[in-house]
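Notes to accompany the following structure.
Throughout, residue positions are numbered sequentially from 1 according to the sequence presented.
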Amino acid sequence: GKDGLCLIMEVPVVKIKGGEPGAEAGEKLIKSIVNMDINISCIKTDDVKEFGDGENTEFETVFVLEDFDSSDYSYLYKHDNRIVGPPVVLHCALREEPLPFFSRPLYSTTMLHLSLCFTGFRNKEEVKLVNLVHHMGGAIRKDFSAKVTHLIAYSTHGEKYKLAVCMGTPILTPTWIHKAWEHRDDVQFHAGDEAFRTEFKVPPFQDCVLSFLGFSDDDKVNMEERTLKHGGRYLEVGDEKCTHMVVEENSVKELPFVPSKRLYVVKQEWFWGSIQMDARAGESMYCYEKMDSPVMKKAVSLLSLNTPNSNRKRRRLRDTLAQLTKGTEISPFPPRKRPSGEVSMGSLLDISNTPETCKDLAGESSSHSSTPTNLKQSARWQVSKELYQTESNYVDILHTVLKLFKLPLEKEDQVGGPILAQEEIKTIFGSIPEIYDVHTRIKADLEELVMDWSEDKSVGDIILKYSKDLVKAYPPFVNFFEMSKDTIVRCEKQKPRFHAFLKINQSKPECGRQTLVELLIRPVQRLPSVALLLNDIKKHTADDRPDKITLEKAIESLKEVMTHINEDKRKTEGQKQIFDVVYEVDGCPANLLSSHRSLVHRVETIALGDQPCDRGENVTLFLFNDCLEIARKRHKVISSFRSPVGQTRPAAQLKHITLMPLSQIRRVLDLQDTDDCQNSFALVVRPPTEQENLLFSFQLTTEDTEKSAWLKMLCRHVANTICKADAEDLIQCTEPDSVQVSTKDMDSTLIQVIVLKTSTPGVVLRFGITFPNSGPLSPVSLQAMHSPSMVNLPSMFERKYHTFSRSTTHLF
């Protein structure tokens with residue numbers, strides 16, 4: 001009872017001390033003892049010394065004592081009496097078990113069958129905790145071993161802590177023991193219950209003071225908040241109190257100071273790994289080592305713009321562009337090791353290798369190949385090669401999603417328990433395994449076709465062969481992609497371990513700095529991209545070839561797959577903006593309008609070279625998710641366009657130059673600012689109809705767009721189009737002189753080019769006029785030149801050049 005009842009049990013005699021006869025607690029205990037088949041009645045006593053002298057040799061006396069802090073307890077303990085608490089009696093009675101034999105006083109079974117080990121405590125603190133553990137039936141082990149069920153840690157240092165992390169042993173704070181003691185009278189309670197003990201886990205950053213180097217402001221704030229949430233503190237880089245400096249290894253090339261021996265300098269994977277495991281990870285595995293900055297070798301020596309020999313300049317520029325694009329033609333990731341004698345697809349499909357030279361690489365083994373012997377690659381071969389390249393990259397991305405994300409999440413016996421529930425994993429990844437399976441087979445067939453290429457090979461047959469598999473695999477994933485994305489966002493918010501898991505894996509090279517959501521959107525984009533490439537192959541296929549009809553059927557089969565995808569998935573604001581582009585750009589190709597295409601961004605530039613238009617032209621670049629529309633500003637607009645229904649639209653301000661698939665961009669050059677070149681960039685382009693690279697160079701004039709942000713955005717969409725993960729690999733910082741680009745005199749000289757198309761096919765009149773410090777051409781200056789007047793051109797000419805129901809008879 002609460003008034004100091006002592007129940008004394010002699011085995012088989014039981015004696016009770018304290019309390020009024022018939023008191024509730026006493027009666028309950030007596031009933032429990034009767035249920036234990038003890039035949040001799042209990043003894044109640046107010047004086048433990050009467051029985052606690054240890055002289056009774058006939059029976060072993062067991063004292064049931066409620067207060068283990070009382071003088072009675074001290075007296076009985078001093079005389080080596082067996083002492084138990086009321087919960088022990090009730091526990092045994094409920095289970096109809098005999099009293100357990102313990103050499104130490106046992107109040108409850110709260111920690112029965114638990115084996116604890118301590119680390120980081122001073123002796124005095126440990127003694128009190130050890131006594132409480134013993135009172136609750138737990139065992140203590142001095143050395144850590146596999147038999148230890150829980151480690152009680154005062155700090156995250158030491159070998160015991162590291163061993164416990166490796167073995168997945170729960171690591172708890174001393175508060176767990178104190179809180180379990182508060183539940184000692186609850187017979188149904190056990191301290192080992194996971195729901196109870198989780199609250200007392202030692203946070204991974206306990207005793208750690210972190211600093212963060214090389215992270216963006218948003219990332220740094222996020223990591224600092226999580227440091228506090230997981231038991232640590234943070235200070236600025238360089239503070240002497242810091243125990244750890246977490247380094248963003250991708251952006252930091254050199255440390256700002258020589259770290260002291262006691263400062264751990266670790267990669268960010270240590271930080272996120274600790275949160276994922278819910279325990280401080282071993283620093284030795286994640287040490288940041290200063291990497292030698294990769295030295296970008298200059299493609300060629302610096303070229304002078306006033307080199308007298310223009311042919312030599314052109315030749316050197318061609319060599320420079322070939323060097324800049326080396327390795328970009330095809331490089332499926334991750335890199336695979338091959339036997340030295342095996343011909344790699346990378347070497348086979350290198351931009352400098354023709355089908356003929358590929359045969360030479362393969363040696364005698366390919367002597368039976370039907371590869372054409374002509375040195376020039378056909379446009380059909382180029383696009384088919386591109387289809388294989390993107391397919392190979394796409395399969396590798398799907399492999400990365402499965403290997404880095406899905407399989408580890410499904411793995412049993414994860415440290416710290418499952419990161420996600422099975423239904424969440426299923427919602428996130430959906431039919432990705434089925435999509436991966438069908439595209440692995442498509443890739444194998446395309447590889448065989450490209451390895452043994454001839455113009456009469458059928459690309460369309462391969463797609464038709466798998467059309468039914470595509471219909472089964474794609475709609476379930478694409479239609480529920482939003483749900484997949486929402487599940488990732490929700491779980492990342494609610495589950496810190498999942499957030500850490502994503503951070504670790506998304507930082508790996510295979511992911512190319514992309515998030516899981518960004519990787520999972522690839523299947524949504526893939527089929528439209530394949531359809532575009534098939535269209536391109538069809539365009540370069542002669543009408544009398546059987547593959548012409550097969551390709552049409554293949555494109556139709558892909559459209560059928562896409563019709564199974566919910567219509568609302570294709571409607572975005574960016575897609576609606578395409579119509580604005582169509583009306584703004586005169587001569588815009590009809591195939592720009594597509595259900596899967598959307599406008600991403602628009603920038604204003606000035607052309608710096610002679611391609612894709614003349615130097616000095618005002619050029620607008622429209623970036624779509626899979627192509628780049630290049631248009632230039634009209635020099636003069638003659639009249640507005642009247643539609644058939646009588647509505648007048650403003651006349652087009654821009655003239656179409658070219659609509660270029662992003663897959664044709666081999667490299668994006670970030671041209672360094674110099675006295676002669678400001679805010680400029682260039683694109684190394686390889687159209688399938690060309691036998692060498694072209695250079696398109698521009699000066700960015702859009703005020704609200706930073707060059708670095710624009711180039712990253714462009715590269716991200718180029719990478720998406722060719723199914724590569726790492727977009728920033730496509731950017732190269734280059735000195736403008738090396739590619740003969742300059743913005744010098746752009747403000748003082750305006751170059752105007754007039755191209756007049758006559759009704760006679762193939763006749764083009766071209767005038768190049770330079771006006772120092774002048775504005776746009778005026779009608780007066782045109783009349784003075786005695787050139788044909790566009791206004792007086794025959795009406796039949798005007799009708800002949802309608803595009804999108806709008807006249808193109810304006811000055812080019």
When rounded to the nearest 0.5 angstrom, what is the spacing between [atom1] in [X] and [atom2] in [Y]?
X: L516; Y: I521; atom1: CG; atom2: CD1; answer: 11.5 Å
X: R632; Y: L654; atom1: CZ; atom2: CG; answer: 9.5 Å
X: E518; Y: R716; atom1: CD; atom2: CZ; answer: 6.5 Å
X: L527; Y: L532; atom1: CG; atom2: CG; answer: 11.5 Å
X: H540; Y: S384; atom1: NE2; atom2: OG; answer: 10.0 Å
X: I463; Y: E391; atom1: CD1; atom2: CD; answer: 7.0 Å

Margin query: Pair Y394, V530 - check side-chain contact (heavy atoms from CB on, under 4.5 Å), show working.
Written below: CA-CA 11 Å; Y394 178 58; V530 173; over 6 Å; no
So, [X] side chain and [Y] main chain: donor-acceptor pair closer than 3.5 Å or not?
X: S529; Y: Q525; result: yes
X: K655; Y: V585; result: no
X: R522; Y: K724; result: yes
X: S742; Y: D676; result: yes
X: D673; Y: N679; result: yes
X: T721; Y: H717; result: yes
X: Q699; Y: Q678; result: yes
X: R615; Y: L608; result: yes
X: D547; Y: G460; result: yes
X: K707; Y: L671; result: yes

Might you point out which heavy atoms bring [X] and [Y] nearest each other, and give the distance in Å?
X: L662; Y: C627; value: CG-N, 3.4 Å
X: L449; Y: S458; value: CD1-O, 3.4 Å
X: F481; Y: V517; value: CZ-O, 4.0 Å
X: E692; Y: R686; value: O-CD, 3.5 Å
X: V668; Y: C715; value: CG2-SG, 3.6 Å
X: S557; Y: A554; value: OG-O, 2.6 Å

Margin query: Tell me which one of I606, T701, T605 satisfies side chain to side chain contact (heavy atoms under 4.5 Å, CB included) with V619.
Written below: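 Among I606, T701, T605, the one that satisfies the side chain to side chain contact (heavy atoms under 4.5 Å, CB included) with V619 is T605.
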Check: Taking NZ, NE, NH1 and NH2 as the nitrogens, is one of them in E556 or K559 under 4.0 Å from a carboxylate oxygen of the other?
Finding: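 Here E556 pairs with K559 in a salt bridge, since their nearest N and O are under 4.0 Å apart.
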Note to self: Regarding E584 and R602, does a basic nitrogen lie under 4.0 Å from an acidic carboxylate oxygen?
What the structure shows: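 Salt bridge: yes.
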Margin query: Side chains of E455 and S378: any donor to acceptor distance under 3.5 Å?
Written below: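 There is such a pair (donor and acceptor under 3.5 Å, judged by atom type) between the side chains of S378 and E455.
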Margin query: We want to know whether T400 and E510 form a side-chain donor-acceptor pair, criterion being a heavy-atom distance below 3.5 angstrom.
Written below: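 No pair is found: no donor N or O on one side chain lies under 3.5 Å from an acceptor on the other.
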Next item on the list: Determine the interplanar angle of the H439 and Y474 rings, folded into 0 to 90°, and report it as parallel if under 30°, tilted if 30 to 60°, perpendicular if over 60°.
Entry: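 Taking Y474 first and then H439, their aromatic rings stand perpendicular (interplane angle over 60°).
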Margin query: If you apply the rule side-chain contact (heavy atoms from CB on, under 4.5 Å), what do you find for T620 with N618, and how did you get there?
Written below: CA-CA 7 Å; T620 303; N618 290 301; over 6 Å; no
Answer yes or no: is there a side-chain heavy-atom contact under 4.5 Å between [X] and [Y]?
X: V684; Y: L695; result: yes
X: S484; Y: L520; result: yes
X: M660; Y: P687; result: no
X: N720; Y: N625; result: no
X: S697; Y: V739; result: no
X: K548; Y: K538; result: yes
X: P661; Y: L533; result: no
X: C723; Y: R526; result: yes

Check: In this structure, are over 12 heavy atoms from other groups packed under 6.0 Å from E706 atom CD?
Finding: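 Atom CD in E706 is not packed in, count stays at 12 or less.
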Margin query: Are H656 and F622, when compared by the centres of their aromatic rings, separated by less than 6.0 Å?
Written below: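 Not under 6.0 Å, so no.
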Next item on the list: Please report the C-alpha distance between L683 and F681 in whole Å, then the side-chain angles of each, then the deciding distance to 0.1 Å, and finally whether the side-chain contact (heavy atoms from CB on, under 4.5 Å) criterion is met.
Entry: CA-CA 7 Å; L683 309 177; F681 65 96; 4.3 Å; yes
Next item on the list: Determine, stepwise, if the pair L628 / V718 fulfils side-chain contact (heavy atoms from CB on, under 4.5 Å).
Entry: CA-CA 10 Å; L628 187 70; V718 172; over 6 Å; no
